[in-house]
Protein chains: 2
Amino acid sequence: MTLSEENYLKSIYSLQREHGKGVSTNVLSKYLDAKPASATEMIKKLDEKGLVRYQPYQGVLLNESGEISALKIIRKHRLWETFLAQKLDFSWDEIHDVAEQLEHIKSDKLIQQLDKFLGYPKYDPHGDPIPDEHGHVIKMEKKRVSQLQPGDTGTCIGVNDTSSSFLQFLDQQNIRLGSVIHIVNFQDFDKSMTVRIEDRELILSQIATENIYVRI
Amino acid sequence: MTLSEENYLKSIYSLQREHGKGVSTNVLSKYLDAKPASATEMIKKLDEKGLVRYQPYQGVLLNESGEISALKIIRKHRLWETFLAQKLDFSWDEIHDVAEQLEHIKSDKLIQQLDKFLGYPKYDPHGDPIPDEHGHVIKMEKKRVSQLQPGDTGTCIGVNDTSSSFLQFLDQQNIRLGSVIHIVNFQDFDKSMTVRIEDRELILSQIATENIYVRI
DNA sequence: AATAAAGTTTAGGCAAACCTAAAAAATATA
DNA sequence: TATATTTTTTAGGTTTGCCTAAACTTTATT
Ligand SMILES: [Mn+2]
Ligand SMILES: [Mn+2]
Ligand SMILES: [Mn+2]
Ligand SMILES: [Mn+2]
């Protein structure tokens, strides 16, 4: 499989999860920073290879072998992210771009040994579950902070927005994986929330609370 | 720089070191497992980019910026080899192919942190010196075992032949980096040598003694 | 239902990195 | 030195992955 094919499969997997139905060439191409015509071409090729189901004008969906392939790449991506964060002291916002390259290295032994070296981690530094070698993923029912009520408490397990600026903001506010977030108050007029993290109270905007995932 | 350009620069660097003069398209293409016509094309492109000096029919030579670029890739290759051997328990003969891919990952921070994580190693698992971030390499006067006399003692610092079968042979014979090799005897009829390694005597063929490097 | 807008595909090109086959140059041999 | 052999370059193709512009299909609006 080529680098480009791998990136398409991974993208289709993510977008398929988000929305329900077939992923349109428009959405897919925007996600990959390419043109719709390019997406159409690639989708046709993946269909011929038996990795996706594609009906013209109806979008694309991974079939079983496509999903297994996608999960293998996601496994590699998340293991490398874990390596970069835990062993090389990369910060939350720096790991993604490098992992985007490393995920395409071809060596079964490499990824097996990396997994072992890291102590068989279950989650990556963004709180996303790492698929096992057969492509099995732990299903998590994660909630957004915005879905909690005053009085509730959640443990931060990830983010939705992975932009540098947001991740840097979280770093500054000392919000990291495992942080316990207690909801103190909810302001109706702007949907912001007052939360307590490690005995420190702060106000999070609606945008912020919608982009932080917690396990309750 | 593209992956292919990087591989060409690295190859030219190695071949230039071996022979003295300009590297011919024939030699270069054989080394890279490509056709001479492809080498000519690439060389012309590298010349236009100012990385090599190329005169038709006269072969190619790296100029200063080409050499710096080559050494940066070699630095990455050797750091990754060290990582694979030291941290992921790859054996001597397994590391090269994976490092051949990893050397092309683009991230200054990655290689800086990897270097730190490994404790700023000076040599790779084959005994070759790792260039520093400015492209400076330690010049080593290494000798082949075949150049030693009975009574001499050397410390194994690398190999010339990096084929799997040779490296596996060395593994079986417990010859590794740092092994102290004492020359017991030299057989004139077949140029083989009796050597002592860790209180064990064995006979090495001429082919073997010519492909093991030692520091005396 | 007819028309306008938006989304999707097709057609035709382009650059990178390969290739084969033919032409040209350098080198070896008679 | 003339000819044969080897090496190198050039010319023309192919594949992958991208693009733009035009044609077509679907969806939204009047
Ligand atoms: Mn990627
Ligand atoms: Mn992640
Ligand atoms: Mn390489
Ligand atoms: Mn090496």
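Residue numbers start from 1 in every chain, and the chains themselves are labelled A, B, ... in the order their sequence lines are given, proteins ahead of strands.
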Worksheet entry | Parallel, tilted or perpendicular: rings of A:Phe83 and B:Phe117 (30°, 60°) | perpendicular
Show the distances under 3.5 angstrom between N or O atoms of the protein and N or O atoms of nucleotides 23-28 of chain D.
unit_1: D:dT25; atom_1: O4'; unit_2: A:Tyr57; atom_2: OH; d: 3.2

Can you confirm whether [X] sits close enough to [Y] that some side-chain heavy atom of one is under 4.5 Å from a side-chain heavy atom of the other?
{"X": "A:Asp128", "Y": "A:Ile157", "answer": "no"}
{"X": "A:Glu210", "Y": "A:Asn160", "answer": "no"}
{"X": "A:Met193", "Y": "A:Ile183", "answer": "yes"}
{"X": "A:Gln113", "Y": "B:Asp89", "answer": "yes"}

Discussion item. When you measure from the side-chain N and O atoms of B:Thr25 to the phosphate of D:dT9, is any distance below 4.0 Å, counting only OP1 and OP2?
Written reply: yes
Discussion item. Categorize A:Lys30 for me: base, sugar-phosphate, or nothing, with a 4.0 angstrom heavy-atom threshold over every strand shown.
Written reply: nothing
So does [X] have more than 12 non-hydrogen atoms from other groups sitting under 6.0 Å from [atom1]?
{"X": "B:Lys109", "atom1": "NZ", "result": "yes"}
{"X": "B:Asp190", "atom1": "CG", "result": "yes"}
{"X": "B:Lys87", "atom1": "NZ", "result": "yes"}

Item to complete: Check the distance between D:dC19's C1' and A:Met42's CE and give it to me in whole angstrom.
Response: 14 Å
Worksheet item: Whole Å only: how far is the NZ atom of A:Lys45 from the P atom of D:dT15?
Response: 12 Å
Please tabulate, one pair per line, all N/O donor-acceptor pairs under 3.5 Å involving side-chain atoms of residues 3-10 of chain B, not counting sequence neighbours.
unit_1: B:Glu5; atom_1: OE1; unit_2: B:Thr2; atom_2: N; d: 3.0
unit_1: B:Glu5; atom_1: OE1; unit_2: B:Lys49; atom_2: NZ; d: 3.3
unit_1: B:Glu5; atom_1: OE2; unit_2: B:Lys45; atom_2: NZ; d: 3.0
unit_1: B:Glu5; atom_1: OE2; unit_2: B:Lys49; atom_2: NZ; d: 2.8
unit_1: B:Glu6; atom_1: OE1; unit_2: B:His104; atom_2: ND1; d: 2.6
unit_1: B:Glu6; atom_1: OE2; unit_2: B:Lys106; atom_2: NZ; d: 3.2
unit_1: B:Asn7; atom_1: OD1; unit_2: B:His104; atom_2: NE2; d: 3.0
unit_1: B:Lys10; atom_1: NZ; unit_2: B:Glu100; atom_2: OE1; d: 3.3
unit_1: B:Lys10; atom_1: NZ; unit_2: B:Glu100; atom_2: OE2; d: 3.0
unit_1: B:Lys10; atom_1: NZ; unit_2: B:Glu103; atom_2: OE1; d: 3.1
unit_1: B:Lys10; atom_1: NZ; unit_2: B:Glu103; atom_2: OE2; d: 3.3

Worksheet item: Taking atom NZ of B:Lys30 and atom OG1 of B:Thr25, what is their separation to the nearest 0.5 Å?
Response: 10.0 Å
Could you tabulate the donor-acceptor pairs under 3.5 Å formed by side-chain atoms of residues 65-72 of chain B, not counting sequence neighbours?
unit_1: B:Ser65; atom_1: OG; unit_2: B:Gly50; atom_2: O; d: 3.1
unit_1: B:Ser65; atom_1: OG; unit_2: B:Asn63; atom_2: OD1; d: 3.3
unit_1: B:Ser69; atom_1: OG; unit_2: B:Ser65; atom_2: O; d: 3.0

Worksheet item: Taking any atom under 4.0 angstrom from a heavy atom of chain B, which nucleotides of DNA chain C are the first and last to qualify, 5' to 3'?
Response: C:dA17 to C:dA26
Fill in: Contacting residues from residues 2-14 of chain A, given that a heavy atom lies under 4.0 angstrom of DNA chain C
none
Fill in: Test item: side-chain donor near acceptor, A:Gln187 and A:Ser192, under 3.5 Å
yes
Discussion item. Can you list, in residue-number order, the parts of residues 32-40 of chain A that come under 4.0 Å of DNA chain D, counting heavy atoms only?
Written reply: A:Ala34, A:Lys35, A:Ala37, A:Ser38
Worksheet, complete the sentence: Tested for side-chain contact (heavy atoms from CB on, under 4.5 Å) against A:Val60, the lone hit among A:Thr40, A:Leu46, A:Val23 is A:Val23
